[in-house]
Engineer: 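Before we start, here is the structure in question, set down as structure tokens.
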Amino acid sequence: MKHNGFTLIELVMIIILLGIVSAVAIPKFWDIINPSKDKVTRHRMEELKKAIVGNPDMTAAGTSSARGFRGDTGLWPIQLSDLATQPVNGLTDTGAASPVSNWNRYTRKGWNGPYVDASNNEYLRDAWGINFVYAPPPANPPTITSYGTNGISGGGDDIMVELRY
């Protein structure tokens, strides 16, 4: 009589082999994902930088056409959410509060936002889901920081962008 199928020993061997392959493959998979999260975080931070201080590479008729929050208002945002909704106040270079005016198309001054796509608030978080840390003036220079994969300040994987061009 002929029986088709696997014996219990054959099934156990297959399970052991799958466990070994998984133990080797999963860490390699994480090594692939973490660099991409690092790149996404750096990209988001550069977008925030452009939203705050503008993009000097974008010009029209010899003048900057992407001046950012700072170029439009002459002030620094108090917090990153000020890039999505017009705040009452901004910060001077010394850290003093000053009113943010409405956009005036003749003087080309005032809040001309939103400066970021705030539809899902992803602009506030890095790729690991941790909120960015924004250090406005009087910090010199102002910075945006991500604490990286471990989410701890000074853990060796922090990413920092200085806000100046």
Side-chain angles (χ1 to χ4, degrees), residues 1-59 64-73 75-87 90-91 95 111-165:
M1 182 184 281
K2 193 173 189 181
H3 294 282
N4 292 334
F6 296 105
T7 65
L8 182 59
I9 293 176
E10 291 171 328
L11 287 174
V12 169
M13 292 301 292
I14 288 172
I15 291 171
I16 290 171
L17 283 172
L18 287 174
I20 292 170
V21 169
S22 296
V24 171
I26 289 174
K28 296 294 181 189
F29 178 72
W30 286 115
D31 288 344
I32 292 170
I33 288 179
N34 274 333
S36 65
K37 286 189 175 187
D38 185 83
K39 288 180 184 177
V40 167
T41 297
R42 289 181 190 279
H43 176 73
R44 286 183 186 167
M45 292 172 82
E46 282 299 317
E47 291 299 314
L48 286 172
K49 179 180 178 179
K50 289 176 185 174
I52 294 171
V53 296
N55 185 354
D57 297 331
M58 294 183 67
T59 59
S64 178
S65 60
R67 300 179 340 163
F69 185 98
R70 176 129 171 84
D72 287 344
T73 65
L75 301 168
W76 293 94
I78 294 174
Q79 55 196 7
L80 293 178
S81 60
D82 292 349
L83 300 171
T85 57
Q86 183 174 353
L91 297 174
W111 196 83
N112 192 24
Y115 298 93
V116 293
D117 176 12
S119 57
N120 57 8
N121 286 335
E122 286 297 313
Y123 74 98
L124 295 172
R125 293 185 290 275
D126 61 19
W128 296 279
I130 301 167
N131 285 345
F132 290 116
V133 177
Y134 170 57
N140 188 15
T143 59
I144 300 173
T145 305
S146 165
Y147 292 147
T149 57
N150 63 10
I152 300 170
S153 175
D157 59 349
D158 296 357
I159 305 167
M160 183 187 302
V161 172
E162 293 182 356
L163 300 176
R164 55 179 151 185
Y165 271 110

Engineer: Any chance you could lay out the side chain to side chain contact (heavy atoms under 4.5 Å, CB included) test for V116 and E47, step after step, and finish with the verdict?
Structural biologist: CA-CA 8 Å; V116 293; E47 291 299 314; over 6 Å; no
Engineer: Could you report the tightest heavy-atom contact between W76 and P137, atom names first, then the distance?
Structural biologist: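 Answer, listing the atom of W76 first, then P137: CD1-CG, 3.2 Å.
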Engineer: To the nearest 0.5 Å, what is the distance between OH on Y123 and CG on L80?
Structural biologist: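 It is 7.0 Å, given to the nearest 0.5 Å.
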Engineer: Could you go step by step and tell me if Y134 and I144 meet the side chain to side chain contact (heavy atoms under 4.5 Å, CB included) rule?
Structural biologist: CA-CA 5 Å; Y134 170 57; I144 300 173; 4.1 Å; yes
Engineer: With rounding to the nearest 0.5 angstrom, report the OG1 to CZ distance, T41 to R125.
Structural biologist: 12.0 Å
Engineer: Return the minimal non-hydrogen interatomic distance between I130 and G148, and the atom names on each side.
Structural biologist: CD1-O, 4.0 Å
Engineer: How far does CE of M13 sit from CD1 of I15, to the nearest 0.5 angstrom?
Structural biologist: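 The CD1 atom of I15 is 11.0 Å from CE of M13, to the nearest 0.5 Å.
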Engineer: What are the two closest heavy atoms between I159 and M45, and how far apart are they?
Structural biologist: O-CE, 3.3 Å
Engineer: Mark yes or no for whether D157, through its side chain, and T149, through its backbone, hold a donor-acceptor pair below 3.5 Å.
Structural biologist: yes
Engineer: Given side chains that start at C-beta, do those of K39 and H43 come closer than 4.5 Å, heavy atoms only?
Structural biologist: no
Engineer: Take S153 and D158 through the side chain to side chain contact (heavy atoms under 4.5 Å, CB included) test and state the conclusion after the steps.
Structural biologist: CA-CA 7 Å; S153 175; D158 296 357; 4.2 Å; yes
Engineer: In sequence, state the C-alpha distance, the side-chain angles, and the governing distance for D126 and F132, and then conclude on side chain to side chain contact (heavy atoms under 4.5 Å, CB included).
Structural biologist: CA-CA 6 Å; D126 61 19; F132 290 116; 3.7 Å; yes
Engineer: Take atom CD1 of I9 as the centre, draw a 6.0 Å sphere, and report whether it contains more than 12 heavy atoms from other residues, nucleotides or ligands.
Structural biologist: no
Engineer: Any chance you could measure Y147, atom OH, to N131, atom CG, to the nearest 0.5 Å?
Structural biologist: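 Going from the OH atom of Y147 to the CG atom of N131 covers 11.0 Å.
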Engineer: Can you find a pair of side-chain heavy atoms, one from K37 and one from V40, that are under 4.5 Å apart?
Structural biologist: no
Engineer: What is the distance from atom CG of L163 to atom OG1 of T143, rounded to the nearest 0.5 Å?
Structural biologist: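 It comes to 6.5 Å.
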Engineer: With rounding to the nearest 0.5 angstrom, report the CG to CZ distance, L48 to F69.
Structural biologist: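 The CZ atom of F69 is 13.0 Å from CG of L48, to the nearest 0.5 Å.
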Engineer: For A84 and P114, which heavy atoms make the closest approach, and how far apart are they?
Structural biologist: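 Smallest heavy-atom distance, with atoms named: O-CB, 3.4 Å.
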Engineer: Which atom pair, heavy atoms only, marks the closest approach of L83 to A51?
Structural biologist: CD2-O, 3.9 Å
